[in-house]
Amino acid sequence: MSAQRARFPDNTFATKPEQSEPQPTGNSSPSCQLLVAKAGGRDMWALGSRYILKKRGFYPGSEVEVQNTDFAAEKTTGQVAKVVASWKENDRFFLIQERIEGEPLEDALPNLSQEDIARIGRQVGEFLRQFRNITSPTMQMLDGRPVIDRRLFKPLPASSDAGYSVCTSDADVVANMSLAIKNCLNTSELDIFMAHMPSAMPFTYTHSDVHEGNIMVKDGRFQGLIDFELSGFYPRWWEFVNSCEVLSEHLPADLQDKAALDWFRVYHMIRERPEDSDTWKTFREYLSQHGAEPTYGPPRYFAGLDLSSNHSGRAYIPKCLTDRTDPSISRNSTKLVNTYYRDPSLRVASIL
């Protein structure tokens with residue numbers, strides 16, 4: 001079985017594929033050993049057989065991983081690599097923590113049976129269940145900042161006149177998440193789609209990075225979770241939505257939220273691939289399945305052709321592809337527009 005990756009990879013920072021944060025194996029020699037050097041200057045060293053040293057660039061709030069790890073260790077039974085030291089040195093942040101025995105799930109997958117995977121999924125679920133009753137009236141990091149997982153709140157363009165904020169209600173979550181897709185939908189379309197977001201309440205303590213690289217296993221059993229850098233109080237459905245696919249079906253039923261996963265898949269497509277015709281096909285299908293239809297707003301013109309009128313079956317053209325000032329307009333836009341017209345005589349040759 002091939003190794004999996006995070007369900008919704010964060011492509012906003014590293015230019016290389018996500019890598020696990022490997023722990024030393026039982027055969028590692030007890031010495032100071034470089035395990036991995038990641039994009040962005042994120043290195044990891046084995047300090048003998050008992051400890052790990054993590055080094056990365058310092059940013060305001062770097063220390064929250066220590067706070068998160070201590071908090072998780074206090075609230076759970078075992079299975080958390082406790083931090084023993086951390087410090088800032090020049091523009092770098094260092095952290096030393098205990099080693100969890102075993103290897104990352106992604107490395108172990110080829111040697112695991114379906115029975116092993118199901119067992120690990122149930123055990124991971126039991127661990128995560130310990131967080132379910134830890135809630136907060138605000139969606140934020142433990143240090144009070146807005147949550148920092150870029151897979152939920154993708155960084156906005158520098159030119160944006162808005163920014164993410166701490167949320168205290170579903171309406172706040174809708175407003176924040178709308179920022180990243182508002183240029184791809186008209187106001188009516190945006191309101192209809194965002195109204196289908198499952199309730200985020202209560203905001204629940206969440207690891208927020210439960211992928212195969214952060215799940216430690218040994219002999220077909222779950223050993224613990226590592227890397228609590230992104231942890232905080234998130235929408236109650238975020239842990240499941242953002243968890244690794246290979247274990248999803250094996251998590252306890254009370255941790256699963258397939259309605260939220262279906263909604264976020266569409267949201268993610270709109271945000272990441274607005275130029276892809278499959279995105280808008282999926283968008284229309286989603287709304288239709290939920291008893292809603294996209295509206296078409298005011299007439300939109302491409303090369304003098306009114307695309308909002310019903311020429312050969314009503315077309316749906318996303319807002320970000322009809323705004324001439326929007327930088328997301330590309331050569332692919334013409335191809336996208338043409339996919340909505342079955343009559344070749346009505347196809348558009350170019351976009352003004």
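Checked by atom type and distance alone, the side chain of Trp237 pairs as donor or acceptor with a backbone atom of Ser199 at under 3.5 Å. A donor-acceptor pair under 3.5 Å links the side-chain atoms of Glu239 to the main chain of His207, judged by distance alone. At least one donor-acceptor pair closer than 3.5 Å links the side chain of Asn214 to the backbone N or O of Asp209.
Residues forming a salt bridge (charged side-chain N to carboxylate O under 4.0 Å, His left out) with Asp43 (at least two apart in sequence, or on another chain): Lys55.
When all heavy atoms are compared, the tightest approach of Tyr59 to Glu229 is OH-OE2, 2.7 Å. Considering every non-hydrogen atom in both Tyr234 and Ile148, the closest pair reads OH-N, 3.7 Å.
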Show every donor-acceptor pair shorter than 3.5 Å between a side-chain atom in residues 115-123 and any protein atom, with sequence neighbours excluded, or say none if there are none.
| unit_1 | atom_1 | unit_2 | atom_2 | d |
| --- | --- | --- | --- | --- |
| Asp116 | OD1 | Arg119 | NH1 | 3.0 |
| Asp116 | OD2 | Ser113 | N | 3.1 |
| Asp116 | OD2 | Ser113 | OG | 3.2 |
| Arg119 | NH1 | Gly220 | O | 2.7 |
| Gln123 | OE1 | Phe222 | N | 2.8 |

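Phe240 has its side chain within reach of Leu251: a pair of non-hydrogen atoms, C-beta onward, lies under 4.5 Å apart.
For the ring-ring contact (aromatic ring centres under 6.0 Å, His included) criterion with Phe131, the lone passing option out of Phe203, Phe233, Tyr205 is Tyr205.
In this structure, Lys88 forms no cation-pi arrangement with Phe93, as its terminal cationic atom is not both closer than 6.0 Å to the ring centre and no more than 45° off the ring axis.
With respect to the salt-bridge test (charged N to carboxylate O, under 4.0 angstrom), the residues Arg221 and Asp219 do not qualify. With respect to Arg132 and Asp254, no salt bridge is recorded, no charged nitrogen being found less than 4.0 Å from a carboxylate O. The pair Glu89-Arg92 does not count as a salt bridge, with every side-chain nitrogen at least 4.0 angstrom from each carboxylate oxygen. Salt-bridge formation is not detected for the pair Lys82/Glu98: no Lys NZ or Arg NE/NH1/NH2 atom is positioned less than 4.0 Å from an Asp or Glu carboxylate oxygen.
Using modelled atom types, one finds no donor on one side chain facing an acceptor on the other under 3.5 Å when comparing Glu65 with Asn68.
Note: the hydrophobic cluster containing Trp263 also contains Leu190 (ILVMFWY, side chain heavy atoms under 4.5 Å, direct or indirect links). In this structure, Leu112 is a member of the same hydrophobic cluster as Phe127, with clusters built from ILVMFWY side-chain heavy atoms closer than 4.5 Å.
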**Asked** Could you walk me through whether Phe228 and Phe71 pass the ring-ring contact (aromatic ring centres under 6.0 Å, His included) check?
**Response** CA-CA 10 Å; Phe228 282 78; Phe71 183 82; 9.8 Å; no

